[in-house]
Amino acid sequence: MTDELKPCPPKPVLDPCSGSRMFYFDKGDPRVLFGDSRSGVRETLCDGRALEVDPDVVLDVADLPFDDGAFPLVVFDPPHLHAGASGWQAKKYGTLPKDWKGWMTSAFSECWRVLATDGTLVFKWYEYRVPLSEVLTCAPCEPLLGNRRPGASKTHWLVFFKGGNND
């Protein structure tokens, strides 16, 4: 028997597009593996607030480096602005690639792949230019629940559940 180090099991929650961790009560919650394609972003926004994007792991949500079924909870909050956008919102939220439908389909597929059976995928979408109905054509299945009419905020929160006949 060798004394090889075994990799630590992943944290139970994956957020592969965590950005600046805006909606977390604890931006350093030890249960969450914070990922993003950007790293080392430190800016002062127009209102004086500090913006920092410093994930635990730099990754591409459309090609996740984790085993199938590794996480019981995945939080997926992709960028909603189109590529080419600039300014503080692009720095804060990131941008969608030009082929957003292909990218979104791959990203949803990867989030679903790493989600454990009987796991939950929480999806957040802001209807800036792309309607939720178009985005949901990229999803692996129909959401279980969510807010259908978010009002003025235009922010949808949806819950997908992986189990039963939608594995």
Side-chain angles (χ1 to χ4, degrees), residues 9-39 41 51-82 89-90 92-97 100-167:
K11 296 177 180 188
V13 180
L14 172 65
D15 183 343
C17 297
S18 62
S20 60
R21 309 175 190 190
M22 289 180 7
F23 50 72
Y24 285 90
F25 290 102
D26 178 355
K27 293 182 187 301
D29 192 309
R31 297 168 294 181
V32 182
L33 181 61
F34 295 102
D36 205 279
S37 61
R38 303 167 296 150
S39 181
V41 176
L51 169 72
E52 183 176 342
V53 178
D54 191 21
D56 298 327
V57 61
V58 175
L59 52 73
D60 176 0
V61 67
D63 186 21
L64 294 173
F66 306 111
D67 292 338
D68 296 357
F71 300 91
L73 177 60
V74 175
V75 178
F76 182 32
D77 177 17
H80 59 271
L81 299 170
H82 285 286
Q89 284 190 326
K92 188 172 183 177
Y93 300 112
T95 58
L96 277 172
W100 72 266
K101 272 194 173 185
W103 179 84
M104 187 69 74
T105 300
S106 294
F108 255 126
S109 177
E110 280 293 279
C111 287
W112 200 251
R113 180 186 65 75
V114 302
L115 185 64
T117 299
D118 293 334
T120 302
L121 170 66
V122 176
F123 177 68
K124 178 180 166 269
W125 184 252
Y126 175 66
E127 280 188 313
Y128 180 68
R129 290 243 163 48
V130 181
L132 177 66
S133 59
E134 286 185 41
V135 172
L136 288 179
T137 65
C138 305
C141 64
E142 186 173 304
L144 178 65
L145 58 96
N147 60 337
R148 293 180 185 261
R149 294 181 185 90
S153 77
K154 298 183 181 181
T155 301
H156 294 271
W157 288 89
L158 304 174
V159 175
F160 293 81
F161 180 73
K162 186 178 184 179
N165 61 359
N166 69 354
D167 290 359

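These numbers were taken from a predicted model, which means no experiment stands behind them.
To the nearest 0.5 Å, the span separating SG on C141 from NZ on K162 amounts to 9.5 Å. In this structure, the separation between OG1 on T137 and NZ on K101 is 4.5 Å, given to the nearest 0.5 Å.
In this structure, R21 contributes its side chain and E52 its backbone to no donor-acceptor pair below 3.5 Å. Proximity of a side-chain donor or acceptor of D56 to a complementary backbone N or O of L33 within less than 3.5 Å is not detected.
Taking the side chain as every heavy atom from C-beta outward, C138 and W103 never approach each other to under 4.5 Å. Residues P16 and D36 fail the side-chain proximity criterion, which asks for heavy atoms closer than 4.5 Å. F76 places a side-chain heavy atom less than 4.5 Å from the side chain of M104.
The shortest heavy-atom contact between P131 and R129 is CD-O, 3.6 Å. Listed here is the closest heavy atom pair of F34 and D26: CZ-O, 4.5 Å. Taking each heavy atom of F160 and L136 in turn, the nearest pair found is CZ-CD2, 4.0 Å.
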Cut-off 3.5 Å, no hydrogens considered: what does the side-chain donor-acceptor table look like for residues 107-122, sequence neighbours left out?
| from | atom 1 | to | atom 2 | distance (Å) |
| --- | --- | --- | --- | --- |
| E110 | OE1 | L64 | N | 2.7 |
| E110 | OE1 | R113 | NH2 | 3.0 |
| E110 | OE2 | R113 | NE | 2.9 |
| W112 | NE1 | N166 | O | 3.4 |
| R113 | NH1 | F66 | O | 2.8 |
| R113 | NH1 | D68 | OD1 | 2.7 |
| R113 | NH2 | L64 | O | 2.9 |
| R113 | NH2 | F66 | O | 3.1 |

Which pairs would a plain distance check flag for residues 151-158, meaning a side-chain donor or acceptor within less than 3.5 Å of a matching protein atom at least two apart in sequence or in another chain?
| from | atom 1 | to | atom 2 | distance (Å) |
| --- | --- | --- | --- | --- |
| S153 | OG | P150 | O | 3.3 |
| S153 | OG | T155 | N | 3.2 |
| T155 | OG1 | S153 | O | 3.3 |
| H156 | ND1 | N147 | O | 3.1 |
| H156 | NE2 | E127 | OE1 | 3.1 |

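The side-chain contact (heavy atoms from CB on, under 4.5 Å) test applied to P72 returns P12, not counting sequence neighbours.
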V130 and W125: CA distance, side-chain angles, deciding distance, side-chain contact (heavy atoms from CB on, under 4.5 Å) verdict: CA-CA 9 Å; V130 181; W125 184 252; 3.7 Å; yes
For a side-chain contact (heavy atoms from CB on, under 4.5 Å) check, start with the C-alpha distance between H80 and W100, then their side-chain angles and the critical distance, and finish with the verdict. CA-CA 9 Å; H80 59 271; W100 72 266; over 6 Å; no
Under the side-chain contact (heavy atoms from CB on, under 4.5 Å) criterion, do L59 and S37 qualify, and how do the steps go? CA-CA 5 Å; L59 52 73; S37 61; over 6 Å; no
